[in-house]
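Below: the structure, in structure tokens.
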Amino acid sequence: MVLIIVGAAIAGLGDRIMHEEYALSIGIVILMFGLYKTTQLWSIDQQGDQDNDKERN
């Protein structure tokens, strides 16, 4: 979750620190990595919930 916020901040406000193209590129990469990690965690949680449902039945 933190990576998503940091990536969005760098993409949006990074032009004040570095060249706009670099800020956008780095921000998008960090944002996408954060989204990837979040979906991986979400998929593990969903799989764990399905396993728990199978055990209950």
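We count residues from 1, following the sequence as given. No experiment lies behind these values; they were computed from the predicted model shown.
- Hydrophobic clustering of Ile, Leu, Val, Met, Phe, Trp and Tyr side chains at less than 4.5 Å, counting indirect connections, keeps Leu41 apart from Met1.
- Nearest heavy atoms, Ala23 versus Gly14: CB-C, 3.5 Å.
- Under the ring-ring contact (aromatic ring centres under 6.0 Å, His included) criterion, the residue pairs touching residues 19-45 are His19-Tyr22, with sequence neighbours excluded.
- Here the straight-line distance linking atom CE of Met32 with atom CD1 of Ile4 works out to 10.0 Å at 0.5 Å rounding.
- Cluster annotation: Ile28 and Leu35 are assigned to the same hydrophobic cluster (Ile/Leu/Val/Met/Phe/Trp/Tyr, side-chain heavy-atom contacts under 4.5 Å, transitive).
- Taking CD1 of Ile10 as the start and CD1 of Ile5 as the end, the distance is 12.5 Å to the nearest 0.5 Å.
- Once rounded to the nearest 0.5 Å, the distance linking CG of Leu24 with CG of Leu31 reads 11.5 Å.
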